[in-house]
Amino acid sequence: MRDVAIASFAQATFERSSKDEVELLVDVITRARAESRLSKSDIGFTCSASCDYLGGRPFSFVSALDAVGAWPPISESHVEMDGAWALYEAWVRLQHGDVDAALVYAFGRSSQGNLNQVLSTQLDPYFLAPLWPEGDSLAGLQARAMIDAGVCSEDEIGSIATPRYGDGAAAMVLVAGPLLERASNAAVIRGIDHRIEAHSIGARDLTRSSSTQLAAEKAGACRRDVDVAVACAPYAYQEILLRRALSLTDRTRFTFLGGNSVYPYIVAGLSSVGEAFAKIASGKALSAVAHATSGPCLQQNLVCLLEVQP
Amino acid sequence: MNYAVTRMLAPVRLPFVVTPGEALSRFLSALVEGRLIGERCSECSKVVLPPRGACPTCGIATNPRDNVTVSDGGTVVMFCIVNIPFEGQTIKPPYVYASILLDGADVPLLHLVEVPVDKARMGMRVRAEWAPPTERKPSLEAIRWFVPTGEPDASYEAYKEYA
Ligand SMILES: [Zn+2]
């Protein structure tokens, strides 16, 4: 394993944007590239994150490449997941050692459809999807299970309101090797891991986030005495499960993205890592834990541990 | 009772309202006025049409100041003959669908060419036939099709970069 670090991050989030994906992306990619002081030709690998179900259009990640300037041809990949998983792929790619910089970006415009309904289509197609349980209904089941198990009271859960899904884009530049030595204000990824729970809701223990806990352990972030932690999830009550699963110390300043703020689906997880990076880059923290989630009721989770560049 | 399930129906219907973005909105609005607009990249000077708010070659943002009006006449740089009927088809096959490099643009536009299929060829000069102003909607259907102008064919050298 060699050190891979985040050199820069830029994002833009809106309740609803009049810009399309290329217009949203070209802004954040230009800013992230400029902040990293790298040029287009320094980037050896590009990984994007988006989901065609958000805009109801096939292959939107192909047209989004217009924002990158893919000429001369570039080495590029895509995940149909949150941007945090594109970050994971880029981190793996940089471990190969033949390229020293990667661009990661994510975009999503949830405002074009009804995401609460769209998310039903990620469920198993025989038993669950035909019943169309919306995101809110599944969240309600999870909250009920938490109350029944005595994890928290009904008052602590609050109300299950539909998240304010919004539009957004984010971009991040990663560096390794000689480009990391040249960088300033970078945050080194000391550990990164992601774990997934069973597809069937009924087969899972919804009263805890076991995949977050396992990912945190594997990333070396569990019970870590870090300065800050940033976690994200669409529903406010999910903060309770994430705080427990990450088992951070009382000293750690904890930020939760989601709940009442605009939640840019697909972008939120990368934003979470970006916020943690920003705390380190600005000198407000020396170490940070970042969390990203995907799937219904916190099905899949990613945790990474960041430290200031030595 | 015991019987085999051979098929299950699970209809999926998801409504979307797709918005085109700012640059494409300007392009679509101009079509209603009978104009074609592209964006000139400030770095490589190429004119991108339809505009996307970025130069796909350079990866830099373009803005309304980079708008340029492009001619509605151009050159067929590639074409295909559509022989296969499909759902939603509005004209009867066979017909010609072409990649047309408009004069002043650097990205070819895909559209129909109203020409007998055995007369279609690369280098053919064509011009847009617009729908009447009252029938134009903000879509490429504001142009019915392209028709041959009768000008001499463009030389291959003039458009080979785009073919
Ligand atoms: Zn350009």
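Heavy atoms only: backbone and side chains are in, while hydrogens, waters and symmetry mates are out.
Heavy atoms only, all atoms of each residue included: B:Met8 and A:Pro125 are closest at CE-O, 3.9 Å. Here the shortest heavy-atom pairing between B:Pro15 and A:Gln117 reads CD-OE1, 4.2 Å.
Counting heavy-atom neighbours within 6.0 Å of B:Ile84 CD1, excluding the residue itself, gives a total of 12 or less. Surrounding CH2 of A:Trp132 are more than 12 heavy atoms belonging to other residues, nucleotides or ligands, all under 6.0 Å away. More than 12 heavy atoms of other residues, nucleotides or ligands lie within 6.0 Å of CZ in B:Phe86, so this atom counts as buried by the packing criterion. Applying the 6.0 Å contact sphere to CZ of A:Phe127 captures no more than 12 heavy atoms from other residues, nucleotides or ligands. Annotation: A:Tyr53, atom OH; neighbour count of heavy atoms from other residues, nucleotides and ligands within 6.0 Å does not exceed 12. The neighbour count for B:Glu141 CD, taken as heavy atoms of other residues, nucleotides or ligands under 6.0 Å away, does not exceed 12.
For the atom pair CD1 (B:Ile60) and CZ (A:Arg33), the distance works out to 10.0 Å, reported to the nearest 0.5 Å.
For the set B:Gly53, B:Cys58, B:Ala10, the count of heavy-atom pairs under 4.5 angstrom toward chain A peaks at B:Cys58. Most heavy-atom pairs under 4.5 Å with chain B: of the set A:Pro72, A:Gly113, A:Gly55, this distinction falls to A:Gly55. For the set A:Leu54, A:Val26, A:Ile29, the count of heavy-atom pairs under 4.5 angstrom toward chain B peaks at A:Val26. With respect to chain B, the highest number of heavy-atom pairs below 4.5 Å among A:Val22, A:Leu65, A:Leu25 belongs to A:Val22.
For chain B, the nearby parts of A:Ser18 are the backbone and the side chain; heavy atoms of each come within less than 4.5 Å. Within the 4.5 angstrom heavy-atom criterion, no atom of A:Ser120 approaches chain B. In this structure, the portions of A:Val118 lying under 4.5 Å from any heavy atom of chain B include both its backbone and its side chain. If you measure heavy-atom distances from A:Lys19 to chain B, the contacts under 4.5 Å come from both the backbone and the side chain.
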Full working for side-chain hydrogen bond (donor to acceptor under 3.5 Å, both in side chains) between A:Arg16 and B:Thr19: CA-CA 11 Å; A:Arg16 174 182 288 270; B:Thr19 50; over 6 Å; no
One pair to check against side chain to side chain contact (heavy atoms under 4.5 Å, CB included): A:Gln112 and B:Val18. What are the steps and the verdict? CA-CA 6 Å; A:Gln112 299 182 101; B:Val18 177; 3.5 Å; yes
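A donor-acceptor contact shorter than 3.5 Å is absent between the side chain of B:Arg52 and the backbone of A:Glu21. Looking only at distances, no side-chain donor or acceptor of B:Glu22 sits under 3.5 Å from a matching main-chain atom of A:Glu23.
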